[in-house]
Amino acid sequence: MINLELIKHYQTNGINCDVTTQDVINKLQDWDRRFGVIINDVEHDQVTVYFQTLPDNLQELAIEIYDFCPDVIDQGYGCMDDMLSMMSESGQEINKEIKTLLEGVDMDNPDFGLQILANVLKIEQKVSLWWD
């Protein structure tokens, strides 16, 4: 069973996305039942979730995460195209870690951010949620 005391203490929420502290608790409990989770980096508007197991279909979990916390894509992985463009323009090389995250990702697909998130889940078995 996941310890939710820090979530309660910080009143972690995504109120700007209509996500209450109770919604965060409910989602974490659901994920804990389905996958087993550990939480870390808890604050009033963020939490990192480590998954002990993952489903076969990571794309479905990525969509579920996006529906719950849009900033993961809208302000995160969905902006990787801009970051890659800036790196290219400045002559910066893409490091090994980023290349690994981009394996199999079609950057021309409008849902490339979800594909990157699925790769992150596969490689790191975690996601950092934040709402601002």
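Basis for what follows: all heavy atoms, side chains included, without hydrogens, waters or symmetry-related copies.
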Do Thr12 and Thr21 pair up side chain to side chain, a donor and an acceptor below 3.5 Å, judged on atom types alone?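 Absent: no donor and acceptor within the cut-off.
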
Any chance the side chains of Asp74 and Tyr66 put a donor and an acceptor closer than 3.5 Å?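 There is such a pair between these side chains.
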
Enumerate, atom names and distances included, each donor-acceptor pair closer than 3.5 Å involving a side-chain atom of residues 93-100, sequence neighbours excluded.
unit_1 : atom_1 : unit_2 : atom_2 : d
Asn95  : OD1    : Glu97  : N      : 3.1
Asn95  : OD1    : Ile98  : N      : 2.8
Thr100 : OG1    : Lys96  : O      : 2.9

Which value, rounded to the nearest 0.5 Å, describes the distance between Trp131 atom CH2 and Leu129 atom CG?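 CG of Leu129 is found 4.5 Å from CH2 of Trp131.
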
For residues 51-65, which side-chain N or O atoms pair as donor and acceptor with protein atoms under 3.5 Å away, sequence neighbours left out?
unit_1 : atom_1 : unit_2 : atom_2 : d
Thr53  : OG1    : Phe35  : O      : 3.0
Asn57  : OD1    : Gln59  : N      : 3.1
Asn57  : OD1    : Glu60  : N      : 3.0
Asn57  : ND2    : Glu60  : OE2    : 3.2
Glu64  : OE1    : Arg34  : NH1    : 3.4
Glu64  : OE1    : Arg34  : NH2    : 2.9
Glu64  : OE2    : Lys27  : NZ     : 3.0
Glu64  : OE2    : Trp31  : NE1    : 2.8
Glu64  : OE2    : Arg34  : NH1    : 2.9

Close side-chain approach of Val42 to Tyr10, heavy-atom, < 4.5 Å: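 A side-chain contact exists here, since the closest heavy-atom pair is under 4.5 Å.
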
Cys69 and Cys17, any side-chain heavy atoms less than 4.5 Å apart: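 They are not in contact (no side-chain heavy atoms under 4.5 Å apart), so the answer is no.
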
Has [X] got a side-chain atom pairing as donor or acceptor with [Y]'s backbone, closer than 3.5 angstrom?
X	Y	result
Gln46	Glu43	no
Asp71	Gly76	no
Asp32	Val37	yes

So, for Val24 and Asn13, which heavy atoms are closest and what is the spacing to 0.1 Å?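 Scanning both residues, the minimum pair turns out to be CG2-CA, 4.1 Å.
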
Atom of Val47, atom of Ile7 and distance for their closest heavy-atom approach: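 Closest pair (atom of Val47, atom of Ile7, distance): CG2-CD1, 4.0 Å.
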
Donor-acceptor pairs under 3.5 angstrom involving side-chain atoms of residues 107-118: please list them, not counting sequence neighbours.
unit_1 : atom_1 : unit_2 : atom_2 : d
Asn109 : OD1    : Asp111 : N      : 2.7
Gln115 : OE1    : Asp106 : N      : 3.0

Chi angles and distances behind the side chain to side chain donor-acceptor pair (under 3.5 Å) call for Asp82, Ser85: CA-CA 5 Å; Asp82 293 334; Ser85 292; 5.5 Å; no

